[in-house]
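Index from 1, following the sequence.
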Amino acid sequence: PVSGSPSSPPAVVARVTHLILTSNPDQSEIEINGVFAGNTPLVMDLPSDPQIITISKKGFKLWTRVIKLTGGTMSLLAELDPLDKAATSQ
């Protein structure tokens, strides 16, 4: 046996990220990797891997990001832009 080698492989611990999702406006729909997850605000634990997060609300532009989750706690605020800014400024 090689000196310093473990006799058995170390246990694999799945890392998760505690994700806090909020948006402006509130109550926007959240999809994670194309699957509906709920409405903002939402707190959930996800595997620490890249995740495609899409937040949408009627009358607003789609907000999509690929987020690399690395463990711990992460907060995301999605600022959704109105589809027609001129209509909302009157």
Side-chain angles (χ1 to χ4, degrees):
V2 177
S3 177
S5 308
S7 57
S8 61
V12 176
V13 177
R15 292 181 59 181
V16 296
T17 299
H18 187 71
L19 187 61
I20 303 164
L21 291 166
T22 55
S23 68
N24 183 17
D26 235 2
Q27 295 301 310
S28 299
E29 294 185 355
I30 301 168
E31 286 186 5
I32 298 175
N33 300 320
V35 178
F36 179 73
N39 293 70
T40 59
L42 182 68
V43 178
M44 63 189 313
D45 291 328
L46 288 172
S48 294
D49 293 315
Q51 306 287 339
I52 301 169
I53 299 173
T54 302
I55 299 180
S56 61
K57 188 166 180 102
K58 187 175 181 178
F60 292 84
K61 294 179 183 175
L62 205 60
W63 185 96
T64 301
R65 301 289 186 276
V66 177
I67 307 294
K68 184 177 180 187
L69 303 179
T70 57
T73 299
M74 177 184 262
S75 295
L76 281 179
L77 169 60
E79 293 279 355
L80 278 63
D81 293 322
L83 285 174
D84 184 358
K85 289 188 177 193
T88 60
S89 62
Q90 296 178 0

With side chain to side chain contact (heavy atoms under 4.5 Å, CB included) as the test, would you mind laying out the steps for Trp63 and Ile53 before giving the verdict? CA-CA 8 Å; Trp63 185 96; Ile53 299 173; 4.2 Å; yes
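Through side-chain heavy atoms spaced under 4.5 Å, either directly or across other Ile, Leu, Val, Met, Phe, Trp or Tyr residues, Leu77 is tied to no other residue.
Atom CG of Asp84 sits about 9.5 Å away from atom NZ of Lys61, to the nearest 0.5 Å.
Evaluation of the side chain to side chain donor-acceptor pair (under 3.5 Å) rule for Ser48 yields Thr17 as partners, not counting sequence neighbours. The side chain to side chain donor-acceptor pair (under 3.5 Å) check on Thr64 picks up Thr54, with sequence neighbours excluded.
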In residues 25-43, what donor-acceptor pairs under 3.5 Å come from side-chain atoms, sequence neighbours left out?
residue : atom : partner : partner atom : Å
Gln27   : NE2  : Thr40   : O            : 3.2
Ser28   : OG   : Ser23   : OG           : 3.2
Ser28   : OG   : Pro25   : O            : 2.8
Asn33   : OD1  : Ile52   : N            : 2.9
Asn33   : ND2  : Gln51   : OE1          : 2.5
Asn39   : ND2  : Gln27   : O            : 3.3
Thr40   : OG1  : Ser23   : OG           : 2.6
Thr40   : OG1  : Gln27   : N            : 3.2
Thr40   : OG1  : Ser28   : N            : 3.0

Contacts table for residues 69-76: side-chain donor-acceptor under 3.5 angstrom, sequence neighbours left out:
none

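In the hydrophobic cluster analysis, where Ile, Leu, Val, Met, Phe, Trp and Tyr join through side-chain heavy atoms closer than 4.5 angstrom, Met44 is grouped together with Ile55. Residues Leu19 and Ile67 share a single hydrophobic cluster, defined by chaining ILVMFWY side chains whose heavy atoms lie under 4.5 Å apart.
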